Asker: 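Here's a structure for you.
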Amino acid sequence: MENKEISQAVISRLPRYFRYLGELKDEGIERISSQELSAIMDVTASQIRQDFNNFGGFGQQGYGYKVEYLYEEIGKILGLDRTHNLIIIGAGNLGQALANYMNFERRGFLFQGIFDNNPNLYGKKIRDMEIRPMEEMENFVREHNIDIAVLTIPKTSADAVARRLVDNGIKGIWNFAHVDLDVPKSIQVENVHLSDSLMKLTYNINRFEQGCYS
Ligand code: NAI
């Protein structure tokens, strides 16, 4: 694959392609045209072709895409052709909910540990993981080759914790704390704000009520 810069808009659409292709693959469908994919996903066929052209196209004109091949190639682009070791920092409502969600593992995201600074939580088990004290975090990250940390702690302590993670070799942070983290450019951060999605929803409700959509 050519090493060119791909727009974030294209990248943000890849997980959805990957999900749909996974479902098609599970249904035993071997080949699909961009028109058929377009109808299932409610995206134009030209958008699909343009998106895939960023990665060399994946298909043959008039022949359609091989579902399994496309699924695997998009998986590789998304870094899903290998497993990732994760830890969760902050074993409160959100941290525990994420730790309990088993579907991440199907995609190769392996939760290896969960940490908190509240002694009342130490030793409590979430699935097969014990909540551990923060003092054990650094050694754990190094010993278990942790590459991704999930931050589900208040924003007041997020930067300090992020620095400790970076110093111990973390490559990416899935950040739920409501703050833009101050980390080196080499560290990839994906901020998640569920309320942003909710605000998009209310915007669309408003637009609909004002008659902007047919
Ligand atoms: P929570 O209060 O249930 O859990 C927070 C946990 O973090 C507690 O167990 C606490 O002991 C621990 N903690 C605090 N400081 C720590 C530190 N320095 N090191 C290790 N552990 C520490 O809160 P909840 O509901 O789980 O939310 C967690 C955070 O995520 C909050 O800051 C909240 O604002 C944010 N949040 C973000 C959302 C998003 O969409 N981005 C959605 C919901 C919550």
Side-chain angles (χ1 to χ4, degrees), residues 7-19 78-80 84-207:
S7 80
Q8 286 296 319
V10 175
I11 292 162
S12 69
R13 287 193 286 272
L14 291 183
R16 187 156 180 262
Y17 290 125
F18 184 75
R19 220 162 7 91
L78 289 170
L80 303 177
H84 296 274
N85 292 322
L86 286 77
I87 54 166
I88 297 173
I89 312 283
N93 294 312
L94 190 54
Q96 293 200 25
L98 292 171
N100 271 313
Y101 185 60
M102 319 242 298
N103 263 8
F104 292 128
E105 276 152 34
R106 284 184 47 225
R107 297 270 181 254
F109 299 113
L110 310 179
F111 285 121
Q112 304 289 6
I114 178 160
F115 295 80
D116 204 286
N117 67 356
N118 177 356
N120 295 327
L121 293 174
Y122 300 164
K124 181 182 167 184
K125 275 201 164 179
I126 303 165
R127 289 204 281 147
D128 52 350
M129 278 183 305
E130 245 177 51
I131 300 175
R132 297 166 189 269
M134 284 299 282
E135 292 73 29
E136 293 179 13
M137 187 268 285
E138 275 91 347
N139 276 344
F140 191 95
V141 166
R142 289 194 303 268
E143 281 167 14
H144 292 82
N145 290 321
I146 304 298
D147 46 2
I148 298 176
V150 184
L151 282 195
T152 48
I153 51 175
K155 65 178 179 183
T156 43
S157 45
D159 262 322
V161 169
R163 261 192 300 280
R164 286 170 63 184
L165 290 161
V166 169
D167 288 346
N168 286 279
I170 282 284
K171 294 180 186 151
I173 299 178
W174 200 25
N175 178 35
F176 288 81
H178 293 299
V179 63
D180 292 325
L181 297 172
D182 183 17
V183 291
K185 286 222 172 340
S186 57
I187 307 301
Q188 307 308 312
V189 178
E190 181 64 25
N191 295 309
V192 184
H193 298 296
L194 298 179
S195 52
D196 287 5
S197 169
L198 209 46
M199 285 186 255
K200 249 169 84 183
L201 179 65
T202 52
Y203 168 83
N204 284 325
I205 290 173
N206 273 348
R207 294 260 299 166

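What you see is a predicted model; the values in this text were computed from it and never measured. Residue numbers count from 1 along this sequence. Order of appearance sets the numbers: ligands from 1, and atoms from 1 within every ligand.
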Asker: In the protein, which heavy atom is nearest to atom 4 (O) of ligand 1, and how far is it?
Answerer: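 Minimum-distance protein heavy atom for atom 4 (O) of ligand 1 reads Gly92 CA, 3.2 Å.
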
Asker: Just to be sure I read this right, does ligand 1 sit under 4.0 Å from the backbone of Ser157, its side chain, both, or neither, counting only heavy atoms?
Answerer: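 Near ligand 1, Ser157 shows its side chain, while the N, CA, C and O stay back.
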
Asker: Please report whether ligand 1 has a polar contact with Ser195, defined as an N or O pair separated by less than 3.5 Å (distance criterion only).
Answerer: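 No: no nitrogen or oxygen of Ser195 is under 3.5 Å from one in ligand 1.
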
Asker: Any heavy-atom pair between the side chains of Val141 and Met137 that's under 4.5 Å?
Answerer: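 A side-chain contact under 4.5 Å exists here.
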
Asker: When rounded to the nearest 0.5 angstrom, what is the spacing between CD1 in Ile170 and CG in Asn168?
Answerer: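 The CG atom of Asn168 is 8.5 Å from CD1 of Ile170, to the nearest 0.5 Å.
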
Asker: Which residue owns the protein heavy atom closest to atom 3 (O) of ligand 1, what's the atom, and how far is it?
Answerer: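 It is Asn93 N, 2.9 Å.
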
Asker: So do the side chains of Leu110 and Glu105 get within less than 4.5 Å of each other, counting heavy atoms only?
Answerer: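 The answer is yes, as the side chains (C-beta and beyond) meet within the 4.5 Å cut-off.
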
Asker: Classify the contact between Val192 and ligand 1 as side chain, backbone, both or neither, using a heavy-atom distance cut-off of under 4.0 Å.
Answerer: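 Backbone only; the side chain of Val192 stays clear of ligand 1.
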
Asker: Which protein heavy atom lies closest to atom 5 (C) of ligand 1, and at what distance to 0.1 Å?
Answerer: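 Checked against all protein heavy atoms, atom 5 (C) of ligand 1 sits closest to Thr152 O, 3.8 Å.
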
Asker: Decide if the gap between the ring center of Phe104 and the ring center of Trp174 is smaller than 6.0 angstrom.
Answerer: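 Ring-ring flag for Phe104/Trp174: true, centres closer than 6.0 Å.
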
Asker: What are the atoms of ligand 1, with element, lying closer than 4.0 Å to any heavy atom of Asn118?
Answerer: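 Checking each atom against Asn118, I get 11 (O).
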
Asker: Would you indicate whether Asp180, at its atom CG, is surrounded by more than 12 heavy atoms from other residues, nucleotides or ligands within a distance under 6.0 Å?
Answerer: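 No, because the 6.0 Å sphere around CG of Asp180 holds 12 heavy atoms or fewer from other groups.
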
Asker: For the side chain to side chain contact (heavy atoms under 4.5 Å, CB included) test, which of Ile148, Ile146, Val150 pairs with Ile87?
Answerer: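 Of the listed options, the one satisfying the test is Ile146.
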
Asker: Using a strict 4.0 Å cut-off to heavy atoms of Leu194, name the atoms of ligand 1 that fall inside it.
Answerer: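 So the atoms of ligand 1 that pass are 39 (C), 40 (O).
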
Asker: Where is the nearest protein heavy atom to atom 27 (O) of ligand 1: which residue, which atom, and how far?
Answerer: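 Sorting protein heavy atoms by distance from atom 27 (O) of ligand 1 puts Leu94 CB, 4.2 Å first.
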
Asker: What protein heavy atom sits nearest atom 8 (C) of ligand 1, and how far off is it?
Answerer: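 Here the closest protein heavy atom is Asp116 OD2, 3.5 Å.
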
Asker: Which atoms of ligand 1 have any heavy atom of Gly90 under 4.0 Å away?
Answerer: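 Selected atoms, number and element: 7 (O).
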
Asker: If you measure from atom 38 (C) of ligand 1 to every heavy atom of His178, Gln96, His193, Lys155, which option wins on shortest distance?
Answerer: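 Closest candidate by heavy-atom distance is His178.
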
Asker: Based purely on interatomic distance, does Ile89 place a nitrogen or oxygen under 3.5 Å from a nitrogen or oxygen of ligand 1?
Answerer: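 For ligand 1, there is no N or O atom that lies under 3.5 Å from one belonging to Ile89.
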
Asker: Is the side chain of Arg127 donor-acceptor paired with the backbone N or O of Ala99 at a distance under 3.5 Å, no angle test?
Answerer: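 Answer holds: yes.
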
Asker: Scan residues 87-99 for pairs that pass salt bridge (Lys or Arg N to Asp or Glu O under 4.0 Å), counting only residues two or more places apart or in two chains.
Answerer: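 Counting only pairs at least two positions apart or across chains, no salt bridge (Lys or Arg N to Asp or Glu O under 4.0 Å) contact touches residues 87-99.
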
Asker: Counting only N and O atoms by type, is there a donor-acceptor contact under 3.5 Å from the side chain of Asp147 to the main-chain atoms of His84?
Answerer: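 No, the answer is negative, given that no donor and acceptor are paired below the 3.5 Å cut-off.
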
Asker: With atom 21 (N) of ligand 1 as the reference point, say which of Asn117, Leu121, Ile114 has the nearest heavy atom.
Answerer: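 That would be Asn117.
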
Asker: Below 3.5 Å, N or O to N or O, backbone or side chain included: is there any such pair between Met134 and ligand 1?
Answerer: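 Between Met134 and ligand 1 (N or O atoms, distance only) the closest approach is not under 3.5 Å.
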
Asker: Check whether any N or O atom of Ile153, backbone or side chain, sits under 3.5 Å from an N or O atom of ligand 1, and answer yes or no.
Answerer: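 N/O-N/O distance below 3.5 Å exists for this pair.
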
Asker: Identify, for atom 14 (C) of ligand 1, the protein heavy atom at the shortest distance, and state residue, atom and that distance.
Answerer: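 Of the protein heavy atoms, Pro154 CD, 3.4 Å lies nearest.
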
Asker: Mind running side chain to side chain donor-acceptor pair (under 3.5 Å) on Asn175 and Asn191 for me, showing each step along the way?
Answerer: CA-CA 5 Å; Asn175 178 35; Asn191 295 309; 2.8 Å; yes

Asker: For atom 32 (O) of ligand 1, is some protein heavy-atom partner under 4.0 Å away?
Answerer: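 Given the 4.0 Å cut-off, atom 32 (O) of ligand 1 counts as touching protein heavy atoms.
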
Asker: To check your reading of the model: name the closest protein heavy atom to atom 35 (C) of ligand 1, its residue, and the distance in Å.
Answerer: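 Minimum-distance protein heavy atom for atom 35 (C) of ligand 1 reads Phe176 O, 3.7 Å.
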
Asker: Does a side-chain heavy-atom distance below 4.5 Å link Gln96 with Thr152?
Answerer: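 With C-beta onward as the side chain, the pair stays apart.
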
Asker: Which pairs, with at least one residue in residues 153-164 and sequence neighbours excluded, count as a side chain to side chain donor-acceptor pair (under 3.5 Å)?
Answerer: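 Residue pairs passing side chain to side chain donor-acceptor pair (under 3.5 Å), neighbours aside: Glu138-Arg164.
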
